[in-house]
Amino acid sequence: MVRVRFAPSPTGMLHIGGLRTAIFDWLFARHEGGSFILRIEDTDRTRLVPGALEDIMAGLRWAGLQWDEGPEVGGNHGPYLQSERLEFYQKYAQQLVDEGKAYYCYCTPERLEEMRSAQQAAGKPTGYDRRCRFLSAEERARLEGEGAAKVIRFAMPDSGTTTFIDAVRGELSFENALQDDFVILKSDGFPTYHFASVVDDHLMEITHVFRGEEWISSGPKHVQIYAALGWEPPVWVHLPLILGTDRSKLSKRHGAVSLRTYIEEGYLPEAVVNYLALLGWSAGEDRDIYSIDELIEKFTLDGVIDHPAIYDSQKLLWMNGQYIRMTSIDRLAELILPYLQKAGLVPETLSKEQMDYIKKVTTLVQDRLKVLSEAPEMSEFFFVEEPVFDPKAVDKWLKKPGTPELLMAVANRVDALDDWNMEAIEAAVREAGAEAGAEGGKVIHPVRVATTGRTVGPGLFETIETLGKQRVVSRLRKAAEMYNG
RNA sequence: GGCCCCGUCGUCUAGUGGUCAAGGAUGCAUGGUUCUCAGCCAUGAGAUCGAGGGUUCGAAUCCCUUCGGGGCUACCA
């Protein structure tokens, strides 16, 4: 039974990199018919960010990555917040101390800092000098008597090599002599990441650990903890890093990396999941668009890429446009609605007629949208009493001699229409134009500016049809009067 | 500095000794459709497969060296 976990630290909002890891976790679990577990690694009390946990859970749910075990849903391997699991870490840390595989360290932060500076100054590798590993019983008793703050350090073997298998890169091996006696339990009684994640992955029966490539170098630490505790290690799957355009690890300074931003801008969850699934994984095919079900079906470990990928928001934008075009009008209208409401273009509560109108507008903007948040700007003239005129459009198309007469002619022709449909409207506009000596674009462009205030937008005749006779005729006449002389 | 990972079009990638004078996508350019924009369609530019040596009849694919990029090097994850 495959069991995977996504183990974010609530030290910030859910970001692109974290989501990508969660997607791989989830896809693999679903592909294998296993379980997807959410575990919160809140062991650094100093870096906790209020609201981060909620943001992470909301983001995962938005993306459709529902967890089978974890906060708010429970499970048989809880608790799922590490801050509520201290007894486990303390118990196993104590066991290691008792067995001589770990030891108390009383070194002060100041001493550690001095030691590091000296090592750096001497051009030597930095690392703990293991002073407390060989403390005499008397020294230890003295320090205890003084009530000195202490941590527990893991006693790494000082010779030999530690080897483990990474599912993506194969066998990786490291010299033990170069490893540090790292801290497993901090002086505040909380575990460090290295210890907590190993203990929990074991206790939660995790079979595959997906994590960023930045963890490869701490692999030996984890392997040695498993060995010291006599536990079977999981399969490690180190995911290639996601890089910014400067080729360094993607982070806040690269701009928009929090999922929140993308949700607010109006990206669709399936587009984000699809794009991120392809950042570091490939099905080996000549295609880019995959439904969630297809991703689940095709997701296997051998498709995981072993080199970093630069995050390309332009391709995500393209993909989002693709998904917007694939979305049904009903759903797209629902998705756009909040944006229109926020812009004050439509009321909070809507009649059936108003909703139908929004759907008609939706059909006209669907091909033009790349993100949902563009909808208000793009469709504003459909919802306001008077369009906002673009001065350049006015200068170009309305301030010409004869234009007022042309617009009046079109208004009259359209006003006289009995059947309100695109074909009839097109015929009316073109005929009115032809009679005034304005063929094709010569009539279409001024009419578009008069009715929408701008030069670009959906097809004129469908726009007029959607706008409705009354509004169109009124706008045409007003424009004609405004620029008459 | 030390240790480790990685290196195919700007970007994401396909490619596992011959069908690769390297395919797809994105982005870019041009053309077509059309009332504009977008979309859609077509075409094009764009990678001597980081470089140099080998092995082989034959290498992007195997070996060596080298250069480059990145990660880690905390009582952070």
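Bear in mind that the values here come from a model prediction, so they are computed numbers and not experimental data.
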Ile16(A) CD1 - C12(B) P separation (whole Å): 16 Å
Which residue, His208(A), His222(A), Arg5(A), forms the side chain to side chain donor-acceptor pair (under 3.5 Å) with Asp201(A)? Arg5(A)
Report which part of the nucleic acid Arg325(A) touches: base, sugar-phosphate, or nothing (heavy-atom distance under 4.0 Å, all strands). sugar-phosphate
Can you measure Gln179(A) atom CD to C3(B) atom P for me and round it to whole angstrom units? 12 Å
Thr451(A) to Arg475(A) - nearest heavy-atom pair and separation: O-NH1, 2.7 Å
Watson-Crick or G-U counterpart of A21(B), or none if no pair lies under 3.5 Å: none
Determine the contact category for Gly459(A): base if any of its heavy atoms lies under 4.0 Å from a base atom, sugar-phosphate if only primed atoms, P, OP1 or OP2 are that close, otherwise nothing. base
Between Tyr323(A) (OH) and G39(B) (P), how many Å, whole number? 18 Å
In whole angstrom, give the distance that lies between atom CG of Asn320(A) and atom P of U26(B). 15 Å
Assigned partner base of A14(B), Watson-Crick or wobble definition, under 3.5 Å: none
Glu285(A) CD to G15(B) P, straight-line distance once rounded to whole Å: 10 Å
C1' atom, A47(B) versus C20(B): distance in rounded Å? 12 Å
Complementary nucleotide of U65(B), counting Watson-Crick and G-U pairs under 3.5 Å: A51(B)
Options C6(B), G1(B), C5(B), nucleotide nearest the side-chain atoms of Asp306(A): C6(B)
If you apply the rule side-chain hydrogen bond (donor to acceptor under 3.5 Å, both in side chains), what do you find for Arg211(A) with His238(A), and how did you get there? CA-CA 5 Å; Arg211(A) 49 159 46 157; His238(A) 290 103; 3.1 Å; yes
Measure from the side-chain heavy atoms of Leu178(A) and tell me the nearest of C12(B), C35(B), C3(B). C3(B)
Measure the distance from CH2 on Trp236(A) to P on C5(B) and round it to the nearest whole Å. 16 Å
How does protein reach along nucleotides 70-77 of chain B, written 5' to 3' as B (base within reach of a heavy atom under 4.0 Å), S (only sugar-phosphate), or - (no contact)? SSSSSBBB
Should A29(B) form a Watson-Crick or G-U wobble pair with both distances under 3.5 Å, which nucleotide is its partner? U43(B)
If you measure from the P atom in A38(B) to the same atom in G27(B), how many Å do you get, rounded? 12 Å
Has the side chain of Arg448(A) got a donor or acceptor atom sitting under 3.5 Å from an opposite partner on the base of C35(B)? yes
Tell me: CG of Leu239(A) to P of C5(B), nearest whole Å? 17 Å
Report which part of the nucleic acid Gly280(A) touches: base, sugar-phosphate, or nothing (heavy-atom distance under 4.0 Å, all strands). sugar-phosphate
For Pro458(A), report the nucleic acid contact type (base, sugar-phosphate, nothing); a contact means any heavy atom under 4.0 Å. base
If you only use heavy atoms from C-beta on, which nucleotide in C4(B), U36(B), A14(B) is closest to the side chain of Arg368(A)? U36(B)
Return the pairing partner of G1(B) with a 3.5 Å limit on both distances, Watson-Crick or G-U wobble; otherwise return none. U73(B)
Less than 4.0 Å between a side-chain N and a carboxylate O, is that true for Arg331(A) and Glu270(A)? yes
Answer with base, sugar-phosphate or nothing: what part of the nucleic acid does Phe174(A) contact at a heavy-atom distance below 4.0 Å? sugar-phosphate
With a 3.5 angstrom cut-off on both distances, give the Watson-Crick or G-U wobble partner of C37(B), or none if there isn't one. none
Nearest-Å distance once atom C1' is located in both G53(B) and A74(B): 43 Å
What nucleotide among A38(B), U13(B), C6(B) has an atom nearest to a side-chain atom of Asp367(A)? A38(B)
By nearest atom, which of the nucleotides C37(B), G27(B), C4(B) is closest to the Trp318(A) side chain? G27(B)
Got a salt bridge between Arg287(A) and Glu294(A), using NZ or NE/NH1/NH2 to carboxylate O under 4.0 Å? yes
Determine the Euclidean distance between corresponding C1' atoms of G2(B) and U8(B); express it in Å to zero decimal places. 31 Å
Is the ring pair Tyr89(A)/Phe195(A) parallel, tilted or perpendicular, if the boundaries are 30 and 60 degrees? perpendicular
Taking atom types as modelled and ignoring hydrogens, do the side chains of Glu144(A) and Tyr106(A) form a donor-acceptor contact shorter than 3.5 angstrom? yes
Students often get this wrong, so: under 4.0 angstrom with heavy atoms, is Ile289(A) touching a base, only sugar-phosphate, or nothing? nothing
Nearest heavy atoms of Tyr267(A) and Asn320(A), plus distance in Å: CA-OD1, 3.4 Å
Rounded distance in Å between the C1' positions of G15(B) and A60(B): 8 Å
Between C12(B) and U30(B), how many Å separate the two P atoms, rounded to a whole number? 26 Å
Classify the side chain of Lys370(A) versus the base of A38(B) as yes if they form a donor-acceptor pair under 3.5 Å and no if they do not. no
Salt bridge check: are Asp129(A) and Arg111(A) linked by an N-O gap of less than 4.0 Å? yes
Sugar-phosphate only, base, or nothing, as touched by Gly440(A) at under 4.0 Å among non-hydrogen atoms: nothing
Could you work out the separation of C63(B) and G68(B) based on their P atoms and round it to a whole Å? 22 Å
With C1' as the reference atom in both, quote the distance from A59(B) to C49(B) in angstrom, rounded to an integer. 11 Å
Applying ring pair (Phe, Tyr, Trp, His ring centres under 6.0 Å), can you list everything that pairs with Trp281(A), at least two apart in sequence or on another chain? Phe299(A)
